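A short write-up of the structure that comes next.
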Amino acid sequence: MSTTVKTLLALLNQLYPPELASEWDSIGLIAGKKSQKVSSILLCVDITPDIVNEALTNRCDAVVSHHPLVLGEDVLEPAYKAHLLELAEKHQLAFLNCHTNADAMMPGVSDALAALLGVKQLCVIEEIPGSSYGIGRIGNLQDAISFPDFVNHVRRVLPQSAIRHTASPEHQIHRVAVCAGSGASLLSLVRQSDADVYITSDLKHHPVLEHLAEGGCPLIDIDHGIAESIYLKGLQASLETVLDVPILISQLPFGTWVAQ
């Protein structure tokens with residue numbers, strides 16, 4: 001039986017239930033028709049002009065991204081987004097995405113980051129009411145290590161990511177909180193937890209100052225796109241068990257900042 005966009009969408013909804021998505025979010029079918037046939041799929045974090053070129057070069061007729069290309073109804077700003085939608089229609093290229101539903105589901109985006117870091121025995125930081133799923137994860141390293149050694153560990157497993165961190169040379173790390181993507185909204189919950197360190201992205205100056213002044217744990221800031229790209233291998237494997245079509249992960253850089 002041939003794969004269609006409808007088939008792909010149904011499978012994504014099974015893996016990452018839409019009801020787990022935040023109310024403000026946009027998930028599912030972005031461009032294309034459910035009746036379109038799918039012969040090859042490209043997985044990525046963001047739909048960009050380079051990603052569309054990569055999809056067309058590899059003759060993919062569906063792109064599954066983590067971030068939505070469009071959040072809300074205004075697609076004219078920035079103008080490149082409207083252009084990408086025009087290209088999708090011209091080349092019969094379907095765009096789909098899983099975002100906060102993939103963040104909340106277990107296993108999901110933060111679970112993949114935690115696994116790469118060697119953090120186990122995971123639980124959710126912020127649960128969705130009435131659910132065991134939610135945003136962010138907290139768990140344990142097998143053995144406690146110093147903060148400088150842990151920072152070096154993060155650099156080793158994420159060599160492509162730029163990394164910033166607060167100063168805490170004497171701190172021992174055993175309990176680790178993670179949130180792949182922008183996790184500043186979880187800072188207060190992390191402070192209430194027993195986490196020895198919190199790893200996330202897009203942290204700003206004043207929230208970090210407030211977190212530290214209120215006795216919060218050390219912080220490590222990693223590249224947003226790279227942190228979220230880790231789960232794509234798991235998504236690829238899940239899709240390959242059901243769909244009999246090539247499923248590619250983008251070979252373009254996922255990060256925004258250059259690691260030093």
Side-chain angles (χ1 to χ4, degrees), residues 3-13 15-16 18 20-22 24-105 108-109 112-113 160-161 180-182 201-202 223-236 238-239 243 245-257:
T3 300
T4 64
V5 171
K6 181 179 180 180
T7 307
L8 175 57
L9 180 60
L11 182 53
L12 292 172
N13 288 343
L15 293 171
Y16 309 114
L20 297 181
S22 301
W24 54 263
D25 200 9
S26 178
I27 61 169
L29 185 60
I30 301 169
K33 298 179 180 179
K34 292 182 179 181
S35 59
Q36 288 176 213
K37 290 185 178 181
V38 174
S39 60
S40 186
I41 301 166
L42 181 66
L43 308 181
C44 63
V45 174
D46 294 281
I47 300 174
T48 65
D50 287 340
I51 286 289
V52 171
N53 288 336
E54 185 181 21
L56 295 176
T57 298
N58 287 282
R59 299 184 179 180
C60 296
D61 24 43
V63 175
V64 177
S65 65
H66 182 60
H67 294 139
L69 176 65
V70 179
L71 194 59
E73 298 180 357
D74 185 4
V75 300
L76 299 179
E77 296 294 340
Y80 82 89
K81 294 189 176 185
H83 178 61
L84 294 183
L85 291 175
E86 292 171 359
L87 287 176
E89 182 176 3
K90 176 182 178 181
H91 295 283
Q92 294 188 319
L93 182 62
F95 294 160
L96 307 92
N97 84 291
C98 307
H99 191 206
T100 51
N101 49 330
D103 291 329
M105 186 60 180
V109 183
L113 174 58
Q160 69 276 45
S161 175
S182 297
S201 304
D202 303 339
D223 191 281
H224 186 134
I226 291 172
E228 293 179 327
S229 70
I230 298 164
Y231 95 107
L232 295 179
K233 288 185 178 180
L235 173 57
Q236 180 188 44
S238 296
L239 295 176
L243 302 178
V245 299
I247 300 166
L248 312 176
I249 295 177
S250 173
Q251 297 302 299
L252 298 172
F254 290 111
T256 305
W257 307 103

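Here the structure is a predicted model, which means the values were calculated and not measured.
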Would you give the length of the straight line joining atom [atom1] of [X] to atom [atom2] of [Y], rounded to the nearest 0.5 angstrom?
{"X": "Lys37", "Y": "Asp61", "atom1": "NZ", "atom2": "CG", "value": "11.0 Å"}
{"X": "Ile47", "Y": "Tyr80", "atom1": "CD1", "atom2": "OH", "value": "9.5 Å"}
{"X": "Phe95", "Y": "Leu87", "atom1": "CZ", "atom2": "CG", "value": "7.5 Å"}
{"X": "Leu29", "Y": "Lys6", "atom1": "CG", "atom2": "NZ", "value": "12.5 Å"}
{"X": "Lys81", "Y": "Ile30", "atom1": "NZ", "atom2": "CD1", "value": "9.5 Å"}
{"X": "Leu20", "Y": "Asp103", "atom1": "CG", "atom2": "CG", "value": "10.5 Å"}

Between [X] and [Y], is any pair of side-chain heavy atoms under 4.5 Å apart?
{"X": "Thr7", "Y": "Val38", "value": "no"}
{"X": "Val45", "Y": "Ile51", "value": "no"}
{"X": "Asn58", "Y": "Leu42", "value": "no"}
{"X": "His99", "Y": "Pro68", "value": "yes"}
{"X": "Val63", "Y": "Val52", "value": "no"}
{"X": "Leu239", "Y": "Leu12", "value": "yes"}
{"X": "Cys60", "Y": "Leu248", "value": "yes"}

Search all heavy atoms of [X] against all heavy atoms of [Y] and return the closest pair with its distance.
{"X": "Val5", "Y": "Ala94", "result": "CG2-CB, 3.6 Å"}
{"X": "Tyr16", "Y": "Ala102", "result": "CD2-CA, 3.6 Å"}
{"X": "Ile27", "Y": "Pro18", "result": "CD1-CA, 3.6 Å"}
{"X": "Gly181", "Y": "Ala227", "result": "N-CB, 4.2 Å"}
{"X": "Leu9", "Y": "Lys34", "result": "CD2-CE, 3.8 Å"}
{"X": "Leu71", "Y": "Ser26", "result": "CD1-N, 3.5 Å"}

With side-chain contact (heavy atoms from CB on, under 4.5 Å) as the test, would you mind laying out the steps for Leu243 and Ile41 before giving the verdict?
CA-CA 10 Å; Leu243 302 178; Ile41 301 166; 3.8 Å; yes
Count the heavy atoms belonging to other residues, nucleotides or ligands that lie under 6.0 Å from CD of Gln92, then report whether that count exceeds 12.
no
Could you give me the CA-CA distance, side-chain angles and deciding distance for Leu43 and Ile247, then say whether side-chain contact (heavy atoms from CB on, under 4.5 Å) is met?
CA-CA 7 Å; Leu43 308 181; Ile247 300 166; 3.9 Å; yes
Does [X] reach the main-chain N or O of [Y] with its side chain, forming a donor-acceptor pair under 3.5 Å?
{"X": "Gln36", "Y": "Lys33", "answer": "yes"}
{"X": "Gln251", "Y": "Ile249", "answer": "yes"}
{"X": "Ser22", "Y": "Trp24", "answer": "no"}

Between Ser65 and Asn97: side-chain donor-acceptor atoms closer than 3.5 Å
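There is no such pair (donor and acceptor under 3.5 Å, judged by atom type) between the side chains of Ser65 and Asn97.
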